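Since the model is a prediction, treat every value here as computed from it, not as a measurement.
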Amino acid sequence: MPMTQGNPKMLHEDKMLFGISANYNVESESESTNDFRAGLEFAMLKDRWYIAAEAYYMNIGFTKRQKIHKSYNYWGGYAQAGYFVAPEWQVGLRYDFFDRNGTGKDGLLNMPAVAVNYFVPKTNIKVSGMYQYIGRTGHATQLDRDLDDLGISTHTAMVMLQYAF
């Protein structure tokens, strides 16, 4: 969770955000892809709670130089919640999903996560620890699921230090 998603200085405030985004990236050198991206986002701070969700869509269209005449569509999203159990300690849950194979082929990434954040008092420093499971699901057969690996780690643990200025 980024530094802005929960803040010990705002434990008694109510804030809400809605967002819509879209962009189109045209590759001017004809070397790679022309991409369209769109998304919807919601976030809310309510006392000690932080809740957020986002859904997104992406279309990748390869240029003629790539000699791939297909375009691919991807979608995904996440939902997460955080709660301050003490003024400097926040616990969080997150669930991500992503259609990394494109809509033309079965297979989703299924990624639940848990996090613990510590906001160092009187500084703009946050120490964050997170564990995430990355699973593959939605394939037509077990063999398709096994072949759809591409070297992605199943278990990920990280500790991160963030400074906001």
Output the distance between atom NZ (Lys46) and atom NE2 (His12), rounded to the nearest 0.5 Å.
-> 12.0 Å
Would Met111 end up clustered with Tyr74 when hydrophobic side chains under 4.5 Å apart are linked, directly or stepwise?
-> yes
Does a side-chain heavy-atom distance below 4.5 Å link Tyr163 with Lys126?
-> no
Could you pull out all residues at least two apart from Tyr83 that satisfy side-chain hydrogen bond (donor to acceptor under 3.5 Å, both in side chains)?
-> none
Scan side-chain atoms only and decide if Tyr95 and Asn110 contain a donor-acceptor pair under the 3.5 Å cut-off.
-> yes
Within one Ile-Leu-Val-Met-Phe-Trp-Tyr cluster: Trp49 and Met44, side-chain cutoff 4.5 Å | no
Trp75/Phe97 aromatic ring centres below 6.0 Å | yes
Between Asn73 and Tyr57, does a side chain to side chain donor-acceptor pair (under 3.5 Å) hold up when you go through it step by step?
-> CA-CA 7 Å; Asn73 298 301; Tyr57 165 81; 2.5 Å; yes
Flag the pair Met58 / Tyr72 as yes when at least one side-chain heavy-atom distance between them is below 4.5 Å, and no otherwise.
-> no
Close side-chain approach of Asn117 and Val127, heavy atoms under 4.5 Å | no
Residues which pass ring pair (Phe, Tyr, Trp, His ring centres under 6.0 Å) with Phe42, listed by chain and number, not counting sequence neighbours | Phe18
Would you say Asn124 and Gln162 make side-chain contact, with heavy atoms under 4.5 Å?
-> no
Leu161-Trp89 co-clustered via ILVMFWY side chain contacts under 4.5 Å | yes
Under 4.5 Å between any side-chain heavy atoms of Thr154 and Ile134, yes or no?
-> no
Quick one: list whatever passes side-chain hydrogen bond (donor to acceptor under 3.5 Å, both in side chains) with His155, sequence neighbours left out.
-> Tyr131
side-chain hydrogen bond (donor to acceptor under 3.5 Å, both in side chains) partners for Tyr118, two or more places apart | none
Ring centres of Phe84 and Phe119 under 6.0 Å apart?
-> yes
How would you list, by chain and number, every residue that makes a side-chain hydrogen bond (donor to acceptor under 3.5 Å, both in side chains) with Lys122, sequence neighbours excluded?
-> none
Under a side-chain separation threshold of 4.5 Å, the hydrophobic residues clustered together with Leu40 are Ile20
Under 3.5 Å, is there a donor-acceptor pair between the Asp35 and Tyr24 side chains?
-> no
Under a 4.5 Å side-chain heavy-atom rule over Ile, Leu, Val, Met, Phe, Trp and Tyr, are Ile51 and Tyr56 clustered together?
-> no
Side chain to side chain, Asp47 and Asp14, heavy atoms closer than 4.5 Å | yes
Closest non-hydrogen atom pair, Pro121 against Glu88 = CG-CG, 3.8 Å
